[in-house]
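Just so it is clear, the model here is predicted, and its values are computed rather than measured. Labels below follow one simple rule: chain letters A, B, ... track the order of the sequence lines, proteins then strands, and each chain is numbered from 1.
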Amino acid sequence: MLDIKLIREKTDFVRARLALRGAGDEKLIEQILQADEQRRTILTEAESLKSQRNRVSKEIGALMGQKKNEEAEAKKKETRDLGDKIAGLDKLVNKADAERDALMLRLPNLPHESVPPGKTAEDNPEVRVHGEKINFSFKPKSHVELCDSLKLVDFARAAKLSGSGFLLYTNWGARLERALIQFLLDLHITEHGYTEVSPPLMVGEQCLVGVGQFPKFKDQYYGVAEGDDAKNLGKLYLIPTAETPVANIHREEILAEKQLPIRYCAYTPCFRGEAGAAGVGTRGMIRVHQFDKVELIKIVKPENGYDELEKMVLNAEKVLQLLGLHYRVIMLCTGDMGFGSAKTYDIEVWAPGQGSYLEVSSCSNCEDFQSRRMNLRFKAESGENKFPHILNGSGTALARLFVALIETHQQADGSVNIPAPLQPYLKTNCISI
RNA sequence: GGAAGGGUGGCUGAGUGGUUAAAGGCACCUGACUCGAAAUCAGGAGUAGGGGCAACCCUACCGUGGGUUCAAAUCCCACCCCUUCCGCCA
């Protein structure tokens, strides 16, 4: 959520930054200002009436204390209809309030000044590249072929269980997935200074609102129902990413300045409806309804937000470096960024069997956009309450990492070599038939 | 799911209709005393919204939402959460 004061005072600036996203959100500004103006007008009126009522009520109390009942009754009569007027105005204030907030919650974050203007993924500049595309002396297989031949994933039976877009990892596939999770967690905890947390996989609506997934993208997520009572449907949602519960851990709190920075790392499965997305239903692991991810979350002082973002990207890159994978880092242009982000880097890993790069990490600084929504603050040394920057980054997504790993390290004989840093976790240096 | 108890400020804990933003204690900040500290004494300090150039003023907030009343932390209703016991259960 943007600061209403910023919208009021620097309206043109806000409009211009929003326009850079190319989604037409700046058109909401006029309505927001209107609702805000209306709210304040009514509020002032209601509050002055309340002030009057409070004053008279105290007088009545004092008169009754002195047994001057007649005078008290007279005063009561005087203020009787004040209450009705106040109730009426309060309703209007609430309405204007709700109207303003509903609009505010649909407004995306402003892009940071360092983000290049652009419309689509075509306009995303490449920031840096690590390694290069691997040359095979044989025709590399796709991950689907490798999973079949090495029996790492049973696509057909996964579909039998849950429909398309789900994976059944088997034997070495399951072990590789588990080894990767453990490897990633250990790396971030011991080398990068994150604290591991393991959050609930179902959360209430307020958490989705807090990080900006609701209300605008409600159709993307799985709601669950307890028992067979339809009334319970939608009280809880399956998390689309660990960001949802973890970024909300301190919602509505006022942290001490010395508690910052907070750095959390969490492994969770992620559940996504992927409504309307191309690719679900095709065979493979690139886009699925459920995948594993190790997520990084930081809550930091505003002045450190962008330094911490750079570090976070390096933390995610380290994963790919250690696994011997070729990747590139790109910066998302204004038109391609997520709803809550002010600046985002994506990391794309090379998958030779696909002949394409796969997004395995997206690291964003949402600045105070989320902390405002969840009313998370910290008390600065000055005594002032401030909104911290909240950052999130994948460190990394697993299914696609799995794909890149087996496609990159496949051998002519159909086996897959395991990179040295992963061997202690998988307890083998090669997966073969 | 059943029963009982409970949700008040950073923490603890009083408060059952009228100067209660809310006693007392702890913690915190400032000052005095001290070489310094402790102890003691004096004072300060919640969050949010609105108004004002400002000193400042107003409003709301005692789990949440309604209701009764001139007036609600206090009375009524619904809901949520926590604790303990029982049941069920990985």
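Using a 30° and 60° split on the angle between ring planes, A/H192 and A/H188 fall in the tilted class, from 30° to 60°.
A salt bridge is defined here as a Lys NZ or Arg NE, NH1 or NH2 lying under 4.0 Å from an Asp or Glu carboxylate O, and A/E26 with A/R17 fails to meet this definition. One finds no salt bridge joining A/R8 and A/D3 here, because no Lys/Arg side-chain nitrogen approaches an Asp/Glu carboxylate oxygen to under 4.0 Å. Of the charged side-chain nitrogens involved, at least one lies within less than 4.0 Å of a carboxylate oxygen, so that A/E59 and A/K75 count as a salt-bridged pair. Salt-bridge annotation for A/K50 and A/E47: absent, with no side-chain N of the basic residue lying under 4.0 Å from a carboxylate O of the acidic one.
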Verdict with supporting geometry, A/E257 and A/K379, salt bridge (Lys or Arg N to Asp or Glu O under 4.0 Å): CA-CA 6 Å; A/E257 183 167 4; A/K379 196 171 277 294; over 6 Å; no
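The phosphate of B/rG49 has neither OP1 nor OP2 within less than 4.0 Å of any side-chain N or O from A/R40.
Looking at residues two or more places apart in sequence or on another chain, you find no salt bridge (charged side-chain N to carboxylate O under 4.0 Å, His left out) involving A/K386. For A/E37, the salt bridge (charged side-chain N to carboxylate O under 4.0 Å, His left out) partners two or more places apart in sequence, or in a different chain, are A/R40.
Side-chain atoms of A/K379 lie closest to B/rG46 of the nucleotides B/rG51, B/rG46, B/rA71. Distances from the side chain of A/N385 to the nucleotides B/rA48, B/rC70, B/rG50 place B/rA48 closest. If you check B/rG50, B/rG46, B/rG18 against the side chain of A/T44, the one that comes closest is B/rG50. Closest contact between the side chain of A/R80 and the listed nucleotides B/rC70, B/rU47, B/rG49 involves B/rC70.
Among the protein residues, A/S57 comes within range of the nucleic acid bases, having at least one heavy atom under 4.0 Å from a base atom. Here A/R377 lies in heavy-atom contact (under 4.0 Å) with sugar-phosphate atoms only. At a threshold of 4.0 angstrom between heavy atoms, the contacts of A/R8 are confined to the sugar-phosphate backbone, with no base atom among them.
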Could you pull out every donor-acceptor pair under 3.5 Å between side chains of residues 392-404 of chain A and any protein atom, sequence neighbours left out?
| from | atom 1 | to | atom 2 | distance (Å) |
| --- | --- | --- | --- | --- |
| A/N392 | ND2 | A/E243 | OE2 | 3.3 |
| A/S394 | OG | A/S362 | N | 3.0 |
| A/R400 | NE | A/I286 | O | 2.8 |
| A/R400 | NH1 | A/E359 | O | 2.9 |
| A/R400 | NH2 | A/I286 | O | 3.0 |

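Spacing of P atoms, B/rU59 relative to B/rG10, comes out at 22 Å, to the nearest Å. Spacing of P atoms, B/rA38 relative to B/rA27, comes out at 11 Å, to the nearest Å. A distance of about 23 Å separates the P atoms of B/rU30 and B/rA23, rounded to the whole Å. Between the C1' atoms of B/rU8 and B/rC61, the separation comes to 12 Å (whole Å). Rounded to whole Å, the separation between the P atoms of B/rG25 and B/rU40 comes to 11 Å. Of the C1' atoms belonging to B/rU20 and B/rA60, the separation is 15 Å, rounded to the nearest Å. Rounded to whole Å, the C1' atom of B/rA21 lies 16 Å from the corresponding atom of B/rU74. Rounded to whole Å, the separation between the P atoms of B/rC56 and B/rA72 comes to 29 Å.
For the pair A/L49 CG and B/rU59 P, the computed distance is 11 Å after rounding to whole Å. Atom pair A/Q38:CD and B/rG49:P shows a separation of 20 Å (rounding to whole Å applied). Rounded to whole angstrom, the span from the CD1 atom of A/I60 across to the P atom of B/rA72 amounts to 12 Å. A straight line from CG of A/N375 to P of B/rC61 spans 18 Å, rounded to a whole angstrom. Rounded to an integer number of Å, the gap from A/L89 CG to B/rA60 P is 14 Å. One atom, CD of A/E252, and another, P of B/rU47, lie 16 Å apart when rounded to the nearest Å. The separation between A/D84 atom CG and B/rG67 atom P is 12 Å, rounded to whole Å. Atom NZ in A/K386 sits about 18 Å away from atom C1' in B/rA48, given to the nearest Å.
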Indicate for each nucleotide in nucleotides 52-58 of chain B, in 5' to 3' sequence, whether protein heavy atoms under 4.0 Å reach the base (B), only the sugar-phosphate (S), or nothing (-). ------B
Pair pattern of RNA chain B in dot-bracket, where unpaired bases get dots and | marks partners in another strand, Watson-Crick or G-U under 3.5 angstrom: ((((((((.[[[..)..(.....]]].(((((.......))))).((((((....)))))).[[[[[..)....]]]]])))))))....
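Within the structure, ring pair (Phe, Tyr, Trp, His ring centres under 6.0 Å) pairs that include any residue of residues 235-256 of chain A comprise A/F214-A/Y237, A/H250-A/Y264 (at least two apart or interchain).
Between A/K343 and A/S364, the side chains place no donor N or O within less than 3.5 Å of an acceptor N or O (distance only, hydrogens not considered).
Between A/R39 and A/G61, the one whose closest nucleotide on RNA chain B sits nearer the 5' end is A/G61. Residues A/D36 and A/R53 both approach RNA chain B. Their nearest nucleotides, taken by heavy-atom distance, put A/D36 toward the 5′ side.
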